[in-house]
Amino acid sequence: MRWWKVAGLAGLAGVAATGVVMARQERRRRAYSPDEIRERLHARVSEADQPPGTTTADQPGTTTADQPRTTTADD
């Protein structure tokens with residue numbers, strides 16, 4: 001084997017190892033507690049139960065911080 005083949009294989013192994021480490025860290029970062037998962041599911045169900053055409057701003061007790069930001073063509 002030539003030296004460039006060995007260097008290429010070592011580079012591929014390094015890239016793969018880096019990807020594995022980053023994926024593992026991201027999974028830890030996104031790990032939710034059971035209570036957080038339950039809250040998210042309840043929010044999604046209540047959002048799905050709303051009649052079409054209503055937004056979260058139409059419901060009492062919600063603020064603009066609770067709503068996702070929408071972009072327009074002017075942004």
By salt bridge (Lys or Arg N to Asp or Glu O under 4.0 Å), D49 pairs with (sequence neighbours left out) none

Checking E36 side chain against S33 main chain: does a donor-acceptor pair fall under 3.5 Å?
-> yes

Scan the side chains in residues 9-25 for donor-acceptor partners under 3.5 Å anywhere in the protein, sequence neighbours excluded, and list what turns up.
| from | atom 1 | to | atom 2 | distance (Å) |
| --- | --- | --- | --- | --- |
| T18 | OG1 | G14 | O | 2.8 |

Residue pairs passing the salt bridge (charged side-chain N to carboxylate O under 4.0 Å, His left out) test with at least one member in residues 9-21, sequence neighbours excluded, are none

